[in-house]
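Excluded from the calculations below are hydrogen atoms, water molecules and symmetry mates; all remaining heavy atoms, backbone and side chain alike, are included. Residue numbering restarts at 1 for every chain, and letters A, B, ... go by the order of the sequence lines.
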Amino acid sequence: MLTKEVLEILPNSIKKQLEGFKYLDKLQEIRIKVNKPLFLVCNNQEYMVNCISTAEDIKIVLQRVSNYSIYAFEEEIKQGYITIQGGHRVGICGNCVVDKGNVKTIKHISSINIRVAREVIGCSEKILPYIVEEGKVLNTIIISPPKCGKTTILRDLTRNISNGVASIDLNGMNVSVIDERSEIGSCYRGIPQMNIGVRTDILDNCPKSEGIIMAIRSMAPQVIVCDEIGTYKDIESVLIALNSGVNLITTIHGFGIEDLYNRPVFKEIIENKVFQRAVVLSNRMGIATIEYIYNFTKGEKVRRDNI
Amino acid sequence: MIKSLGLILIIVSSTVIGYFYGEGFRKRAKELAELQRGIVILRNEINFGHALLPEALMKVSEKCTGSIAKVFSYASHMLIKNEEYDVHRSFIKAFEVNKDNLSLTKDDITIFLDLCRTLGEMDIEGHNDMFSLVTENLNKALQSAEHNLDKNIKMYRYLGFSFGAMVAIVLL
């Protein structure tokens, strides 16, 4: 059954359409556009529902998503999404108001994409033995194209490291998550809606470059987890974290470790031999297919068939 | 004896009616002042607490008194339960449900409902402008209510007694 939190934000006209939909339990996305039919995505397949949405429908969704308080979501709207209870993300598009080169707000919102959050508990279990050595977490980078499950894997890794895994002699560790886009913990009012472990502290909506330093100063973490590093400021903070003796797990967009070597921004972390392992994902055989795990120390790849 | 009792009853009941009619003016002024206080609390909740509107309205209802507190509380519940599509409609319903206990005039309610048309739909700066405008309009309404209060409360009390006494004299 589709979660209550998602149904509650929908206007009655759309809710009625969904009630009769047979793949409701596998729903991934609901796309609503003004004067256009409703689109549903289930099991990576798109379904068009013959129900034309109106501007009033969008307004109702927006009112409910923001709890009738748009003023409290100004920063989220600038970024183009609002996270609702349950960790589901509501993406918004419309007319951007730009001030001094930055998006100030979005007005005349004309389309909404509700992405249903699902966590896959246990999806990192195959990876975990490769990134833990003698009870210590190795600095790891997950490399994957979009929509291949890197954030889902990262979330499950966080949960496992935080809770501890007896089978690989990993004791629970203090983990700090720097969740710049609210994707790892899917926080709603600061509380993670996903299971990210008992020893995890989360800095939600916080820029990575600042969050890493803040976490080191305030929470004394053993492991820092963050998603999608890619700017020089991020790299600078990563190096500070490593100099402080904190281990790091992070992700980048890419198709293989070549992407790490080819992009100038990562030059410094390559030179400093920051990472010990790279996990490369694809969706070749379903979401989160592990292509290979790369050992930077030995310079060898462990292929999917051997994992 | 019975006739005397009947005449006294007429005078007393007429005085009481006059008294309560006059009290309506006092109650209106009190409710307008309470509504103004509610707006100040709401403004602070939005400006400094960044509280979500249903919660902010609930806090206002906890800090206000009488029928105004009930109006804010009702609107807050409507929003929490998503029973109405917007804030304006929620407050229309809240005033409708509590109308028997309110002494506000239709114009007073309209001033507040004007604020509700945009409440929650603007940025904080926009809200502050609207709060200032509505507070100014409520001030004018309050001044007029206080003027009417001074002028009418005694008049209706005396009128009640005088009317009762007049009927009693005619019946005598």
Side-chain angles (χ1 to χ4, degrees), chain A residues 3-16 32 53-79 82-86 90 92 94-99 102-109 187-191 204-205, chain B residues 38-39 41-61 71-94 112-134:
Chain A
T3 60
K4 194 172 153 239
E5 294 92 359
V6 174
L7 282 175
E8 269 177 0
I9 62 165
L10 298 173
N12 288 340
S13 55
I14 295 177
K15 216 188 285 183
K16 268 183 197 164
I32 310 167
S53 307
T54 62
E56 181 73 9
D57 289 334
I58 299 270
K59 193 184 164 193
I60 291 168
V61 174
L62 205 65
Q63 290 264 28
R64 290 182 177 176
V65 161
S66 67
N67 253 311
Y68 306 89
S69 319
I70 295 289
Y71 57 85
F73 292 90
E74 278 178 49
E75 282 306 313
E76 284 89 341
I77 290 172
K78 274 183 202 172
Q79 293 183 44
I82 295 174
T83 305
I84 60 167
Q85 196 168 7
V90 181
I92 49 181
N95 204 337
C96 289
V97 179
V98 179
D99 183 30
N102 295 319
V103 175
K104 197 179 167 196
T105 187
I106 303 176
K107 63 175 184 176
H108 303 139
I109 291 164
C187 286
Y188 177 72
R189 298 191 192 182
I191 301 166
D204 186 45
N205 254 325
Chain B
I39 289 172
I41 298 167
L42 186 61
R43 187 179 195 159
N44 288 340
E45 286 294 333
I46 289 176
N47 266 324
F48 305 113
H50 274 245
L52 299 176
L53 200 58
E55 289 168 13
L57 294 175
M58 191 50 80
K59 281 194 182 162
V60 174
S61 82
V71 169
F72 278 107
S73 166
Y74 191 90
S76 169
H77 279 115
M78 295 279 287
L79 295 178
I80 289 168
K81 291 177 186 165
N82 284 332
E83 282 183 13
E84 281 293 344
Y85 287 143
D86 58 31
V87 182
H88 185 239
R89 278 182 252 196
S90 299
F91 267 102
I92 289 178
K93 193 117 188 239
F112 185 75
L113 287 179
D114 281 344
L115 168 72
C116 300
R117 279 182 203 281
T118 50
L119 200 58
E121 293 180 23
M122 296 173 294
D123 60 0
I124 292 194
E125 215 175 301
H127 273 93
N128 283 334
D129 292 343
M130 276 308 288
F131 283 134
S132 303
L133 182 71
V134 169

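For the atom pair T105(A) OG1 and M122(B) CE, the distance stands at 12.5 Å (nearest 0.5 Å). Atoms CG and CD1, on L53(B) and I70(A) in that order, are 11.0 Å from each other to the nearest 0.5 Å. Going from atom CG of D123(B) over to atom CZ of F73(A) covers 15.0 Å, rounded to the nearest 0.5 Å.
For chain B, the nearby part of S66(A) is the backbone; its heavy atoms alone come within less than 4.5 Å. Neither the backbone nor the side chain of E125(B) comes within less than 4.5 Å of any heavy atom of chain A.
A donor-acceptor pair under 3.5 Å is absent between the side-chain atoms of Y68(A) and the main chain of N82(B), judged by distance alone.
Interface check for chain A: of the options I80(B), L119(B), L79(B), D86(B), the most heavy-atom pairs under 4.5 Å are formed by L79(B).
Interface residues of residues 43-51 of chain B toward chain A, defined by a heavy-atom distance below 4.5 Å and sorted by number: I46(B), H50(B), A51(B).
K78(A) NZ: more than 12 foreign heavy atoms inside a 6.0 Å radius. Around NZ of K15(A), the count of heavy atoms belonging to other residues, nucleotides or ligands within 6.0 Å exceeds 12.
For the pair I124(B) and E74(A), the minimum side-chain heavy-atom distance is below 4.5 Å.
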